[in-house]
Amino acid sequence: MKMSKLFVQTLREFPNDAEAISHKLLVRAGYIKKLTSGIYSYLPLMQRVIAKVSKIIREEMNAAGAQELLMPFVQPSEVWEKSGRWEVYGKELARFSDRHGNKMCLAPTHEEVITSVVSGTFTSYKQLPVNLYQIQTKFRDEIRPRFGLLRGREFIMKDAYSFHTSQESLDEEYENMARAYKRIFERCGLETKMVQSDSGAIGGSVSHEFMVLTSTQTGENDVFYCEECDYSANSNHAVSILNVEETDGAKFGYSEEKLVDTPNVKTIEDLAKFLKIDSNCILKAVLYVADSKPVLVMIRGDREVEETKLLNAVGALEIRPATSDEAYEFLGCEAGYLSFLGIDKNKVKVIFDKSAKGMKNFVVGPNEPNKHLVGYNFKEEYDFIDVALVKEGDLCPRCKKPLKVTRGIEVGNIFQLGTKYSKPMNATYTDENGQDKPFIMGCYGIGVTRTAAAAIERYHDDFGIVWPKEIAPYHVDVVPVNTEDKEQMEVALKIYNKLLDEGIEVVIDDRSDRAGVKFKDSELIGFPYRITVGKTISEGLVEFKDRKTGEVEKLGYDEVVEKCKELLLN
RNA sequence: CGGGAUGUAGCGCAGCUUGGUAGCGCACCUCGCUUGGGACGAGGGGGUCGCAGGUUCAAAUCCUGUCAUCCCGACCA
């Protein structure tokens with residue numbers, strides 16, 4: 001490809017509306033162009049990266065025994081009503097009506113359609129298991145799209161769905177996919193961590209996410225992991241053993257139940273200071289609204305509620321913290337002094353977090369203003385449920401060593417769906433005994449465009465993108481320093497043509513710009529290797545530069561071609 | 001949804017307070033010069049100043065509304 005003809009416009013400055021480094025670089029280096037919030041055109045360079053990632057995915061999925069198909073992006077409401085998700089999915093599902101007034105939507109995922117495709121096509125246990133996948137555009141109308149391709153509204157996803165006659169068969173395929181995913185990301189040059197996770201809107205029981213670990217910035221998930229054993233989990237799923245298992249207010253002189261004045265003391269921090277007690281000896285009350293009904297969470301003062309866990313615990317569709325006004329409305333008390341004590345349990349659901357178990361002589365709100373109860377002890381048995389966010393330093397649930405936390409970008413996930421979709425949609429096969437049984441299903445996703453963006457988050461420097469060579473849009477950039485110099489151009493073209501003949505993906509920067517411009521662009525775009533054809537041709541040499549290591553070698557014309565072959569063709 | 005900010009040429013921005021012919025840098029076109037790290041000179045093209053309404057002799061500028069984009073937060077009592 002001639003650089004002078006490549007459809008790309010690099011920018012001297014970073015775009016104003018980008019935050020994440022991958023977003024900034026993708027725009028500046030001319031890979032993507034925004035059409036509207038969270039929706040981008042993939043320009044030729046990007047399209048090549050997408051094709052590379054897709055190719056790796058296809059090869060590994062096919063090798064793992066899956067078959068590719070392609071399903072509709074526009075779907076009728078019927079299948080979604082059948083599965084029960086038309087009501088449940090919320091505003092992320094982009095809905096519209098066709099000209100006949102039929103309710104339609106843009107596909108955010110394909111469980112419904114694949115289930116209807118398989119149902120009635122494979123009807124015998126003899127034909128199972130089967131795993132089908134596609135690589136396709138998805139649309140999710142995110143509340144707040146951001147970070148460019150990391151959280152767009154429109155994005156490209158590989159989604160696979162497997163159908164089984166038994167849990168054992170599903171387990172096997174789940175492991176098979178986990179192995180395939182590991183290989184896919186490795187081949188993309190990405191190190192990933194497989195972590196336990198919540199199964200979210202897709203549903204099901206067992207699920208894992210593949211995370212690209214990032215130091216700080218753009219990872220949108222907290223991942224807790226143990227360095228001793230291999231335990232690791234998304235914060236929405238992580239469990240821990242509290243490092244202080246039992247707390248006793250008696251240590252601070254509160255061994256007797258008593259109502260004390262705490263005027264205008266509303267936060268846990270202030271209360272701990274006011275009473276001269278550790279916050280883990282206070283039982284905190286947090287009021288939520290779950291599907292417009294109040295839920296009061298009682299949790300140890302040094303802990304925070306993990307909303308996804310709470311959502312699952314109460315089986316709600318939507319959950320949010322209550323406002324102060326709502327606190328007054330539901331509990332008849334101003335916020336700051338709320339409690340499970342003295343409230344109507346038929347009106348307000350109360351959940352006790354696991355962290356509250358074993359607390360003694362603790363401080364708790366009395367559900368009346370400007371007072372707190374000290375030295376309180378539970379007077380009946382409660383069910384303690386885990387709805388708390390793990391903290392760094394908590395102990396690993398497996399080996400009891402302190403947990404660490406890091407940020408991660410979720411590039412893939414695998415779920416065991418069971419019969420969540422097949423049952424309501426009445427999708428069945430006939431078993432050995434002639435009986436109809438619902439399919440047992442699994443599903444497996446990879447964000448193709450997000451994977452590319454994650455690679456940039458992970459691999460870049462001050463000059464631009466440093467692509468892993470497996471997913472770089474081109475491998476080699478041949479730069480004649482002075483295009484007016486006939487000899488330089490001749491050598492550059494010779495090398496370029498030879499590389500082309502060898503099947504190496506190469507660009508020749510035949511623009512008449514000065515060398516500096518071409519070098520800057522080369523580094524910004526992130527070609528893994530650059531061959532500079534300049535003054536050294538007087539000695540029959542050209543310069544070979546590795547983008548990643550920065551190493552430079554002077555090589556003869558044939559030598560440099562051999563070097564590229566060696567590095568790029570196996 | 002709540003709060004904040006911003007909409008002026010493809011990109012980055014100034015101009016708005018105090019109304020009076022729409023500007024700068026990059027990019028683009030032409031000519032010259034230059035060619036190993038984002039050169040230089042001269043000339044040139046490109047903008048309904050987000051949109052709608054209002055005030056005014058006159059609005060990018062003032063007023064009202066509206067749309068869009070970005071950031072923060074989404075209540076832990």
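To find a chain, count down the sequence lines: A is the first, B the second, and so on, and within it residues start at 1.
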In terms of side-chain heavy atoms of A:T10, which of B:rC70, B:rG38, B:rG36 is nearest?
B:rG38
Looking at A:W80, I'd like to know if the NZ or CZ of A:R95 sits under 6.0 Å from its six-membered ring centre while staying within 45 degrees of the ring's axis.
no
Parallel, tilted or perpendicular: rings of A:Y529 and A:F544 (30°, 60°):
parallel
Looking at B:rG37, B:rC76, B:rU34, which one has an atom nearest to any side-chain atom of A:R514?
B:rU34
Taking any heavy-atom pair under 4.0 Å as a contact, classify A:A327: base, sugar-phosphate, or nothing.
nothing
Set of residues satisfying side chain to side chain donor-acceptor pair (under 3.5 Å) with respect to A:R146, sequence neighbours excluded
none
According to a strict under-4.0 Å criterion, is A:S37 in side-chain N/O contact with OP1 or OP2 of B:rC70?
yes
Does A:F7 CZ have over 12 foreign heavy atoms under 6.0 Å away?
no
Which base sits across from B:rC40 as a Watson-Crick or G-U pair, both distances under 3.5 Å?
B:rG32
Checking base pairs now: Watson-Crick or wobble, both atom distances under 3.5 Å. What partners B:rG25?
B:rC11
Between B:rC67 and B:rA52, how far apart are the two P atoms, rounded to whole Å?
15 Å
Quick one: does A:D521 reach the base of B:rG38 with a side-chain donor-acceptor pair under 3.5 Å?
yes
Cation-aromatic face contact A:R48/A:Y474, 6.0 Å, 45 degrees:
yes
Say you pick atom P in B:rG36 and the same atom in B:rC13; how far apart are they, in whole Å?
33 Å
Quick one: which of A:D353, A:D394, A:N280 gives a side-chain hydrogen bond (donor to acceptor under 3.5 Å, both in side chains) with A:R303?
A:D394
Considering Watson-Crick and G-U wobble pairs with both distances under 3.5 Å, what does B:rU56 pair with?
none
From the options B:rC76, B:rG37, B:rC72, select the nucleotide whose nearest atom is closest to the side chain of A:F519.
B:rG37
Heavy-atom contacts, protein to nucleotides 3-16 of chain B, under 4.0 Å, summarised as B (base), S (sugar-phosphate only) or - (none) per nt, yield ---------SS---
Cation over ring, A:K24 on A:F14, under 6.0 Å and within 45°?
yes
Distance between the P atoms of B:rA59 and B:rG3, in whole angstroms?
33 Å
Among B:rA74, B:rU69, B:rC71, the one nearest A:I143 by side-chain distance
B:rA74
Please report, rounded to the nearest Å, how far the C1' atom of B:rG38 is from the CG atom of A:D462.
16 Å
If the cut-off is 4.0 Å, is A:R146 near the phosphate of B:rC72, judged by side-chain N/O to OP1 or OP2?
yes
A:F384 vs A:F378 aromatic rings, parallel, tilted or perpendicular, using cut-offs 30° and 60°?
perpendicular
Taking B:rC40 as the reference, what is the distance to B:rA27 when you measure between their P atoms (whole Å, please)?
9 Å
Tell me whether A:E269 at atom CD has more than 12 heavy atoms from other residues, nucleotides or ligands lying less than 6.0 Å away.
no
Does the structure show a Watson-Crick or G-U wobble partner for B:rG73, both distances under 3.5 Å? Name it, or say none.
B:rC1
I need the CD1-C1' distance between A:I282 and B:rC76, as an integer number of Å.
13 Å
Ignoring hydrogens and geometry beyond distance, is the side chain of A:R511 in donor-acceptor contact with the base of B:rG38 at under 3.5 Å?
no
Counting any heavy atom closer than 4.0 Å, what does A:L271 reach on the DNA or RNA strands: base, sugar-phosphate only, or nothing?
nothing
Quick one: label A:K545 by what it contacts on the DNA or RNA (base, sugar-phosphate, nothing), any heavy atom closer than 4.0 Å.
base
Using modelled atom types and a 3.5 Å cut-off, is there a donor and acceptor pairing between side-chain atoms of A:T262 and backbone atoms of A:V265?
no
Applying a 4.0 Å non-hydrogen cut-off, can you work out what A:A285 is touching in the nucleic acid: base, sugar-phosphate, or nothing?
base
Give the residues of residues 478-487 of chain A touching RNA chain B, defined as any heavy atom closer than 4.0 Å, sorted by residue number.
A:V481, A:N482, A:E484
Base B:rG38 paired with A:R28 side chain (donor-acceptor, <3.5 Å):
yes
Considering just the side-chain nitrogens and oxygens of A:T36, establish if one lies under 4.0 Å of OP1 or OP2 belonging to B:rU69.
yes
5'-most contact on RNA chain B: A:K34 or A:V286, nearest heavy atom basis?
A:K34
Under-4.0 Å side-chain N/O to phosphate OP1/OP2 contact, A:R144 with B:rC70:
no
